[in-house]
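All remarks here apply to the structure that follows.
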2 protein chains.
Amino acid sequence: SLDWLRSGMDASSAWICVFLVGLACGVCASVLDIGTAWLIDLRDGVCSKGFWFNREQCCWGSNQTTFDGQYECPQWMTWSVILGHLPNDAGAYVIQYLMFVVWAVIFSWMAATLVRVFAPYASGSGIPEIKTILSGFIIRGYLGKWTLLIKIISLIFIVSSGVNVGKEGPMIHIAACCGNFFAYLFPKYGNNEAKKREIHSAAAAAGISVAFGAPIAGVLFSLEEISYYFPLKTLYRSFFCALVAAFVVRSINPFGNDHLTMFFVEVRSPWFFLELIPFIFLGVFGGVIGVVFIRLNAWFCKLRKTTRLGQYPIMEVVAMGFVTALISYPNPYTREDNSSLIARLFHDCGPADNSALCDYNRTYTSVTAAFAKAEPGPGVKQAMWQLFLAVIVKFVLSIMSVGMKIPAGVFIPNMVVGAMVGRMVGVGMEQLSTTYSEAALFVTACGTTARCVTPGLYAVIGAAAVMGGVTRITISMVVIMVEVTGGLQYIVPLMAAVMTSKWVGDILMKEGIYELLINMNGYPFLDNKLDFHHTTVAADVMRPRPTEKDPLWALPQDSMTVEELEHVVHSGPNGFPIVVSRENQYLVGFVLRKELQVALEASRHPNSGIVSSSRVYFVEHCTTNDYIGPKPLVLSSMVDYAPITIIDQTPMETVIDLFRKMGLRQTLVTHKGRLLGIITKKDVLKHIKEMDHVDSGSVGFN
Amino acid sequence: SLDWLRSGMDASSAWICVFLVGLACGVCASVLDIGTAWLIDLRDGVCSKGFWFNREQCCWGSNQTTFDGQYECPQWMTWSVILGHLPNDAGAYVIQYLMFVVWAVIFSWMAATLVRVFAPYASGSGIPEIKTILSGFIIRGYLGKWTLLIKIISLIFIVSSGVNVGKEGPMIHIAACCGNFFAYLFPKYGNNEAKKREIHSAAAAAGISVAFGAPIAGVLFSLEEISYYFPLKTLYRSFFCALVAAFVVRSINPFGNDHLTMFFVEVRSPWFFLELIPFIFLGVFGGVIGVVFIRLNAWFCKLRKTTRLGQYPIMEVVAMGFVTALISYPNPYTREDNSSLIARLFHDCGPADNSALCDYNRTYTSVTAAFAKAEPGPGVKQAMWQLFLAVIVKFVLSIMSVGMKIPAGVFIPNMVVGAMVGRMVGVGMEQLSTTYSEAALFVTACGTTARCVTPGLYAVIGAAAVMGGVTRITISMVVIMVEVTGGLQYIVPLMAAVMTSKWVGDILMKEGIYELLINMNGYPFLDNKLDFHHTTVAADVMRPRPTEKDPLWALPQDSMTVEELEHVVHSGPNGFPIVVSRENQYLVGFVLRKELQVALEASRHPNSGIVSSSRVYFVEHCTTNDYIGPKPLVLSSMVDYAPITIIDQTPMETVIDLFRKMGLRQTLVTHKGRLLGIITKKDVLKHIKEMDHVDSGSVGFN
């Protein structure tokens, strides 16, 4: 019964931990959303009721509020109004433009400085690093409290500055930092790296859950992209964690509506079968543009490393903030922040909608035909031009922005590009269906009365396709889009586009952006998505090679002196197999160099009685009374007597499988019981690269 | 480049295969749906336009059609009308009742006979068996074409007969059969059991996808419950397969509406925070009722095995069909087929709804207050009584029906019980909120105008909770309910209820229904959900035990005669380790008994030159010219020279992990290179049961 209680406590500690992590993620995300919303509005003006109100909050209480894409009320004072200009004169435009640029420079400087001075680890999205950490590698301080704090603050600044980066990817890093923090409150998790990774997997789910308001997609993203090993236990906890986080965000309600969804799309028009053709076209486009993005971004990152550009990280960010603001202000689609723009593009034109995108000359002859004939007005034509320019600007800016020394995600910048292209394709299709509304094709598909092409849906599909092309995620991408739009009936078109984009992307370039970044940084990541098809065996990979005459660094179990051991430990590898004797190389166990160093240092204490000629025992040793000679050093407690071993003829496919599934760092190779060599994770990674004819020198870690 | 082409062909063969499997699943599900709909209506009457029309199709073309819960039109002739009675007199009731019972008996007899005579494997849901197959065990013929055909036909009959079993679980078996069929078209999959399992995992996803019209839930169900090993490759293919299947069903459109969802719920009322209390109560109820169901069902199955009941499987089914029909007809909620009943319970009362469940005396004082005050009319009170009786009847019948020798799932019967209880709780809550509508609690939660309790939502939650209690699935359960109702905003309440029901269920009884059935049938299934916490090591489990004096069945590599080998093969275990020599037990390889038998039989051919005293070589052997003696038997080609080995001090936790993750059937235990013993999967299973103090004799397989 005590056993039952203990196991109950044990199990619930995990639940409590992920509950706290979820709570913290929810709070972080809300702080991020509220802070960003406030700073973005600060670029436009301030609230006369109090500078801490953002535009929407400022106008909530007012009865003079009007809504036209954004809230307008007298309490909200733009900078030009404060400086005494009328809202619409030329001077006001100049002042607003100027303030827009000035704030952008200030914000981007703040973000870059914070990262540079306090937490260099806060830069980037953090996803490649977290993938590597979850595969078993330790990067000290990467998930620290300091990184967490700085990442949140600088993320608020950089997103508000308008620099074309996303805040969704970094949320995963923020969530993982929260996970790390709470794991230390529970000794079971804090003291065990493998168990801590379970918490990180759950935290990653919570990160995506709050980033997109999509708990199910969060779990799937953690499973598909982030986590290395995802047992069912982790699945349940991830789900719980994601849910708590989503619930916290919903309760704090930073999006200001009752839906848990970021880009809730009200209209639910059905789609017809033939639309799959443009959807698949968008998928192909997404795959191609994704690869172009990855390649150009990688080229730019290399440029940054090799030229003088990389020596001025703060200057670079500030310059980017300046240029971005300067280019973005004139075009309404580049001026608007990415999230609002996506929401606008996803949204369908209602009858009351009078934005440029919805400026149709509708023939209101009857209620049912209201939407049937929609001649585009000048607003739509202008919007198409502006969107086209905005696509180019945003795409180029995102290629240059992602990779700077600031927190930066690739999700939203690519989503925006996809959504704009999708919307344009959608408007094109809509015009096609209106112009040829009598064509047999459209008559069978739409009937004559109903409107049948929804440009907003094309924007959704386009966004998913480009994101899919860049990241190569599939099922979680579809679920993210379903959850953010609430459109369950769009699963099939989304799936068709995302699968196409993945296939096209995979053909053009094997790696997604995260794998590329992992490779570029030389992280020791053993990709569990790639198949290994070669016929090599363990004997071809182990060190020393059978043909080489290199020595095998094996320690005899009871015939070494302390002096000899010190010499070996000083110059040898990170771990040593223990064998029966030099002549009889039968495996006894495995010991880490790190632990030997600690033990040797302790033995050097004058009172220990250990001298240079003391014998070292790696097995249990009983000192009998008639024992002559100095006191022996017994190190049996630090030997792993059950290392995983393989036989030299084991195919490398199986060996790689073992490394992946059992999370090994090394394995010992035997032949008829005799120890032949050792294979480390580094050897495996090098071998895979060699087999793929890639330069294997880039695998660099200790 | 040829390599690229080959790998491309190789990869696409998998996609083509799962595409075909998805197609086949979609067709099977449509046949099942159409057949069931037709036979269910046949119990009521026939269509005068043609006997092959079901009620809905019969009334489609008619302009006299009315819809009141079901379609009514003059073309549809009930049996009483055919026999000359007016629709509503007492004689008509008797005739309809009689026909209802007669058809039930005929259908259940058909179903039971088909299974008994043609395909005994078609009985049950098949989920425990498929779980076992996916864990690496082979049950010949279980996924055969014959099983497939009979399962579909008898499933149509048994569901139409009204016997309280579901058709969703068996769809997974049907899908797996489709998977097996198409796997044989691709040699890569047909000839490799491990690869075939990848197809089965994808097929299982398609099965749930078509059973519930829920592709994402299908993939998650395959991941959470069915599959043993689910790499990302399988995830992508499962998703594709599930999607193709769902698309086929949508195109054939057996549900007759444009939504992909079975129980599409139109009304989308928000829920308020305090409602979580009744939701969690439903979760507790679901957990308890789930365990009660499992225990009683297991007790009944044992009764069937040990008493004479089991000797008359056909009689039992027919009797059950008779009794079910007899009891079910008078109560409208038991008379209705389960799917329609669930749809009715999930559905909210609209203003135009005049069924008994929606018989409220509403005060239509204003539009907004229309729903605020809803006194229940006599219809609601009557409906509550009938529902209460229906819960008891359906629950008892499902306990007795599941486990008979017919295709039978547990999903829908339990869903129906949960939905009925949930609806009752929902109506109770609704009354509470109307009666005390001025109470501070409800005023803050609902305001005064809006209606705030939705009984239909409670039915959804109740259904999920009971299903969760029985099967212990969580995330896929939530996603199933979200996809079947289209209610994305109900994720949080669903999750709260399902998690509660799983926790309560797990406390009361460790196993879900599938694990229990696996244990009861003694399948060799190494559960990957359970943790192993004991401190035993490999040496405690291997055979022979170190303390025992049993011999280790190891074969020397080059010092045995054919006669000796024949003797050993005749009486030994299923596999033999090969060692250097009897004195020097260093491991060389591993050979299966089955293969040795084949080789020995071949060697007995008179022309082979092999005699009883021939030496047997398990290693490469060169016959030199000066070799004296009979021709040796060289068996090196059948030896696995790279078996997985472990060291005797390896903790059993690691060993179990190895068995699960690497899909091992046995592993060899060594100590300092010397072979000590062998651990088979059976030994591991027995050891786990011994440690859990369960009778280990029930693990029975060859």
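Order of the sequence lines fixes the chain letters, A, B, ..., with proteins taken first and strands second; residue numbering starts at 1 for each chain. All values reported here derive from a predicted model rather than from experimental measurement.
- Using a 4.0 Å cut-off between a side-chain N of Lys or Arg and a carboxylate O of Asp or Glu, A:E225 and A:R472 do not qualify as a salt bridge.
- Side-chain contact, A:E198 with A:T234: no donor N or O sits under 3.5 Å from an acceptor N or O.
- The aromatic rings of A:Y586 and B:Y586 lie parallel to each other, their planes meeting at an angle below 30°, with 60° marking the opposite boundary.
- Ranked by heavy-atom pairs shorter than 4.5 Å toward chain A, the options B:Q649, B:H533, B:R674, B:K672 are led by B:K672.
- Looking at B:L235, only its side chain comes within 4.5 Å of chain A, counting heavy atoms on both sides.
- Contacts of A:V537 with chain B are absent, with no heavy-atom separation under 4.5 Å from either backbone or side chain.
- Judged as a salt bridge (charged side-chain N to carboxylate O under 4.0 Å, His left out), the pairs with a partner in residues 649-663 of chain A (not counting sequence neighbours) are, in order, A:D657-A:K661.
- Contacts of A:V478 with chain B are made by side-chain atoms alone, with heavy-atom separations under 4.5 Å and no backbone atom involved.
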For side chain to side chain donor-acceptor pair (under 3.5 Å), just list the numbers for B:T645 and A:T645, CA-CA rounded to whole Å, side-chain angles, deciding distance to a tenth of an Å, and then say yes or no. CA-CA 7 Å; B:T645 63; A:T645 64; 3.3 Å; yes
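- Using a 4.0 Å cut-off between charged nitrogen and carboxylate oxygen, B:D506 and B:K502 count as a salt-bridge pair.
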Could you pull out every donor-acceptor pair under 3.5 Å between side chains of residues 241-248 of chain B and any protein atom, sequence neighbours left out?
none

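- For a residue to count as touching a neighbouring chain, one of its non-hydrogen atoms must lie under 4.5 Å from one of that chain's; by this rule A:T670 does not touch chain B.
- In terms of heavy-atom pairs under 4.5 Å with chain A, the best-connected choice from B:I507, B:T474, B:I475 is B:I475.
- For A:L223, the parts sitting under 4.5 Å from any heavy atom of chain B are the backbone and the side chain alike.
- For a residue to count as touching a neighbouring chain, one of its non-hydrogen atoms must lie under 4.5 Å from one of that chain's; by this rule A:L232 touches chain B with the side chain only.
- In this structure, no portion of A:S238 lies under 4.5 Å from any heavy atom of chain B.
- Residue contact with chain B, scored on non-hydrogen atoms closer than 4.5 Å, is absent for A:Q585.
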